2 protein chains.
Amino acid sequence: MDGCRHNGAVTATSERRAHLVVLAGELFAEKGFRATTVREIADAAGILSGSLYHHFDSKESIGDEILQGFLNDVLADYRAAVDTGDDPRAVLETIVRTSTGTLARHRAALAMLQNDWTYFSGQPRFGYLRKALQEIEKIWITQFEEGKRAGVFRADLDAKLTYRLLRDILWIPVHWQPGNQWSTPQIVDAFLSLLFHGINEKP
Amino acid sequence: MDGCRHNGAVTATSERRAHLVVLAGELFAEKGFRATTVREIADAAGILSGSLYHHFDSKESIGDEILQGFLNDVLADYRAAVDTGDDPRAVLETIVRTSTGTLARHRAALAMLQNDWTYFSGQPRFGYLRKALQEIEKIWITQFEEGKRAGVFRADLDAKLTYRLLRDILWIPVHWQPGNQWSTPQIVDAFLSLLFHGINEKP
DNA sequence: GTCTATAGCAAGATAGAC
DNA sequence: GTCTATCTTGCTATAGAC
């Protein structure tokens, strides 16, 4: 179970494990969780499929590890933005700016969440997924409602609908190929200016 | 190959076939194409898996039929909007309004395109997918550029980036459960007002 | 920590009876 | 047009040698 008690190789082992998780995540993101085989993961790592089970007890454990790491990080972003106590518009801008980086770092996890949501969310083991998304929804809606009361957001805004639209919009660029055409800040700016101004020259 | 030469049952046969395609599409959309088994499709139709092969020669043929029908319809919407010869803002609004209905009717196909894009687009058989998306992209970008020249759209708009963002945004609501909370017109209006005005009270 | 080997099962697809 | 039955292949996971 841990073959690294001597010679201080604990770190090396963890890194190996973490590397395997990254490789698996990329495949899960590209082909879907269920469509990715343990053999493909092992191939990518240059070992045989059976050897994977020295590090993990199942394919689902790997998925679990990826998704938990992602949601912890993204929730931290949201909570920190709220804790600034800034006004709604600033909080939302902070959320967009900080969480976009987190989303980019966890590109694979987010793709898994989008593609295999029905699969994961249907299992008790992944119940934390629903909880996390509910907390995120509540934060957006609270900020919208406060902003509407303060008169800075349009009064006819449907908070829940707008949240769903915006959350999914924020999650889009992650679907795009890694290392392509646009940088993360570019995408964020495009999104924010769309969000606050629309595409018109003189609104 | 066609067991309906007598008694005028051709239509009934086609309807049966079409019904199977719909059932399969719903499963593909929910679970992903590769993760859906022919046995599940057959179960949904109340027959055995082997019997499916009387109607289709492979699982991929079913996917092919679904995707082709979808892209034909959506391309027709785009071409019709351009052919009005209206100004860019009107063309885009027409595209949004007409294609949203088409997207909703082909919910399953669009979900397949989003979830299993890497799988389908990698196969020669599905080469028409790339072609269709390229035509769609060209239409958006052309309208953006014309609108910028005419001074109605912001001059700093990155046409290609904005297109990618908007196209994917338009495709989002289809991911949402069928028959839920918001009607299609509601979603379209929320999208359009976001597009043209942003979320601010006084922009 | 990786290998060989394989168990146990589910996938897509086929052949022929009815 | 569906069923029975089955082939072939590929999947997750395990056991034990090295």
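Computed from a prediction, not measured in an experiment: that's the story for all the values here. Numbered from 1 within each chain, the chains take letters A, B, ... in sequence-line order.
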D64(A) and Y128(A) side chains, donor-acceptor separation under 3.5 Å | yes
For residues 40-51 of chain B, which residue pairs qualify under salt bridge (Lys or Arg N to Asp or Glu O under 4.0 Å), counting only residues two or more places apart or in two chains?
-> K31(B)-E40(B)
When rounded to whole Å, the NZ to C1' distance for the pair K59(B) and dA10(C) reads 12 Å
Selected nucleotide, minimal atom distance to H55(A) side chain, candidates dA13(C), dA13(D), dG1(C) = dG1(C)
Nearest-nucleotide comparison on DNA chain D, the residue closer to the 5′ end among L48(B) and S58(A) = L48(B)
Apply salt bridge (Lys or Arg N to Asp or Glu O under 4.0 Å) to the pair E146(A) and R89(A), showing each step before the final yes or no.
-> CA-CA 10 Å; E146(A) 280 183 27; R89(A) 174 175 162 145; over 6 Å; no
H54(B) has an atom NE2; how far is it from atom P of dC3(D), in whole Å?
-> 12 Å
Between CG of L52(B) and P of dA11(C) the distance, given in whole Å, is 13 Å
R34(B) side-chain N/O to dC11(D) phosphate OP1/OP2 under 4.0 Å = no
Close approaches to DNA chain D from residues 35-47 of chain A, in residue order (heavy atom, under 4.0 Å) | T36(A), T37(A), V38(A), R39(A)
Between dT14(C), dT2(C), dA13(D), which one does the side chain of Y53(B) approach most closely?
-> dT14(C)
CG-CD1 distance between L165(A) and I187(B), expressed to the nearest 0.5 angstrom = 8.0 Å
Nearest to the side chain of S51(A), which nucleotide is it out of dC3(D), dC3(C), dA13(C)?
-> dC3(C)
Drop me the distance from L170(B)'s CG to I95(B)'s CD1, to the nearest 0.5 angstrom.
-> 9.0 Å
Atom CG of L20(B) and atom C1' of dT2(D) are separated, to the nearest Å, by 12 Å
Summary of ring pair (Phe, Tyr, Trp, His ring centres under 6.0 Å) pairs that have at least one residue in residues 93-115 of chain B, sequence neighbours excluded | F70(B)-H106(B)
Measure the distance from CZ on F56(B) to C1' on dT2(D) and round it to the nearest whole Å.
-> 15 Å
